[in-house]
Undergrad: 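Here it is, the structure in full.
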2 protein chains.
Amino acid sequence: MTENTCVTEFEPASLNEEEEEKLAVQAKALAHPARVRLLKIMAAQPGCVGGDLVNSIGLAQSTVSEHLRILKDAGFILAEVQRPRICYSVNRSELKSFSFLFESSFKL
Amino acid sequence: MTENTCVTEFEPASLNEEEEEKLAVQAKALAHPARVRLLKIMAAQPGCVGGDLVNSIGLAQSTVSEHLRILKDAGFILAEVQRPRICYSVNRSELKSFSFLFESSFKL
DNA sequence: TCCGTATATCGTCGATACACGATATAATCT
DNA sequence: AGATTATATCGTGTATCGACGATATACGGA
């Protein structure tokens, strides 16, 4: 330990714990190539994709379902029930707000 | 399985595996509140921060060192050796390029 | 009502992440 | 050379993740 405290005090305002947590949680949702791929597919489609997602990606249905759950929990996708299907689509506003949070957090 | 193939074919161009992988890897580096906090501290400092980071965050030195390694591997921070210290600072251009990759991937 | 279809949930297994203390490294100072 | 300092690495234990097959759910249609 030294007295070298060029980083002494942080204004509590600049260290918004909730925002940091949100950024980390959402980043975690993006932290898997399959989920990035799924999001990309959805973003490239005009409307929504049903379980075609399962076919487009080389993973079991249950695995894809879990990835979709994670994306949904993060707020990145919307699920509209259209029995027996579920219609998934990207939530552009949440994706944008992640981008904004990222940029503002690190003063880019 | 159905014949509902609204998502039949993807132009290989739009599914750049390397980019997806990079986005996922970098997102994973952001996927921990301690690392977000560390980046934020560094981004808020004009110059570079030594191991003051260890004091600013309630974690063991070895743990912080590991988090910094992850951020460095992701390209988000730079480490300049100034024995016995190491001077860490954010790599703004890499942070920006993450932001760009994110936005372009999902057509925001 | 019974059947088929699309999606979700469960249980399990191996792999990876996270935290820590202890120790190694590598340079500077006395 | 030996001590001091800052950081990195190692080893360990626990927790979380990611994949799968099997099964449950929940609806529309025959």
Side-chain angles (χ1 to χ4, degrees), chain A residues 1-7 20-21 24-39 41-42 45 47-74 76-89, chain B residues 1-7 20-21 24-39 41-42 45 47-74 76-89:
Chain A
M1 234 94 299
T2 82
E3 315 76 35
N4 176 354
T5 38
C6 63
V7 178
E20 290 169 18
E21 187 68 28
V25 164
Q26 290 195 321
K28 186 179 285 188
L30 295 170
H32 193 291
R35 291 195 289 271
V36 172
R37 167 73 56 104
L38 288 168
L39 266 182
I41 292 175
M42 289 186 260
Q45 293 295 118
C48 63
V49 241
D52 308 310
L53 293 167
V54 175
N55 306 332
S56 318
I57 219 172
L59 292 171
Q61 179 268 327
S62 58
T63 306
V64 174
S65 176
E66 175 67 2
H67 283 310
L68 290 171
R69 187 192 62 74
I70 290 165
L71 288 171
K72 185 150 61 74
D73 286 356
F76 289 143
I77 62 175
L78 303 167
E80 188 195 341
V81 180
Q82 284 181 357
R83 291 291 179 184
R85 301 172 203 282
I86 303 220
C87 164
Y88 290 103
S89 58
Chain B
M1 233 99 293
T2 83
E3 316 73 36
N4 176 354
T5 38
C6 65
V7 178
E20 289 168 18
E21 186 68 29
V25 165
Q26 289 195 320
K28 187 180 286 189
L30 294 170
H32 193 291
R35 291 196 288 271
V36 172
R37 166 72 57 105
L38 288 168
L39 266 182
I41 292 174
M42 289 186 258
Q45 292 296 117
C48 64
V49 241
D52 308 309
L53 293 166
V54 176
N55 306 332
S56 317
I57 220 172
L59 292 171
Q61 179 269 324
S62 57
T63 305
V64 173
S65 176
E66 175 67 2
H67 283 309
L68 290 171
R69 186 191 63 74
I70 290 165
L71 289 171
K72 186 150 62 72
D73 286 356
F76 288 143
I77 62 175
L78 303 167
E80 189 194 340
V81 180
Q82 285 180 0
R83 291 291 179 187
R85 298 171 205 281
I86 302 221
C87 164
Y88 289 104
S89 57

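Since this is a predicted model, take the numbers as computed values, not measurements. Sequence lines set the chain letters: A, B, ... in the order given, protein chains first and strands last, and positions in each chain run from 1.
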Undergrad: Please report the shortest heavy-atom distance between B:Ile57 and B:Ala34, naming the atom on each side.
TA: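 Taking every non-hydrogen atom into account, CD1-O, 3.7 Å.
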Undergrad: Take nucleotides 7-17 of chain C nucleotide by nucleotide from the 5' end and write B, S or -, depending on whether a protein heavy atom sits under 4.0 Å from the base, only from the sugar-phosphate, or from neither.
TA: BBB-------S
Undergrad: Give a yes/no on whether any side-chain N or O of A:His67 is located under 4.0 angstrom from OP1 or OP2 of D:dC17.
TA: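 For D:dC17, OP1/OP2 do not have a side-chain N/O of A:His67 under 4.0 Å.
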Undergrad: Starting at atom CD of A:Gln82, determine the distance to atom C1' of D:dC27, rounded to an integer number of angstrom.
TA: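 Atom-to-atom, A:Gln82 to D:dC27, this comes out as 13 Å.
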Undergrad: Please report the shortest heavy-atom distance between B:Ala29 and B:Leu71, naming the atom on each side.
TA: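 In terms of heavy atoms, the two residues are closest at O-CD2, 3.9 Å.
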Undergrad: Could you work out, with ring pair (Phe, Tyr, Trp, His ring centres under 6.0 Å) as the rule, every residue matching B:Tyr88, not counting sequence neighbours?
TA: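 Here no residue qualifies.
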Undergrad: Without decimals, in angstroms, what is the distance between A:Arg37 CZ and D:dA19 C1'?
TA: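 For the pair A:Arg37 CZ and D:dA19 C1', the rounded distance is 18 Å.
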Undergrad: Show which side-chain atoms of residues 58-70 of chain B pair as donor or acceptor with protein atoms under 3.5 Å away, not counting sequence neighbours.
TA:
| residue | atom | partner | partner atom | Å |
| --- | --- | --- | --- | --- |
| B:Glu66 | OE1 | B:Arg69 | NE | 3.2 |
| B:Glu66 | OE2 | B:Arg69 | NH2 | 2.9 |
| B:His67 | ND1 | B:Arg35 | NH1 | 3.0 |
| B:Arg69 | NH1 | B:Asp73 | OD2 | 2.7 |

Undergrad: For the pair A:Gln26 (side chain) and A:Ala74 (backbone), establish whether a donor and an acceptor sit closer than 3.5 Å, ignoring hydrogens and angles.
TA: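 The answer is yes, because a donor-acceptor pair under 3.5 Å joins these two groups.
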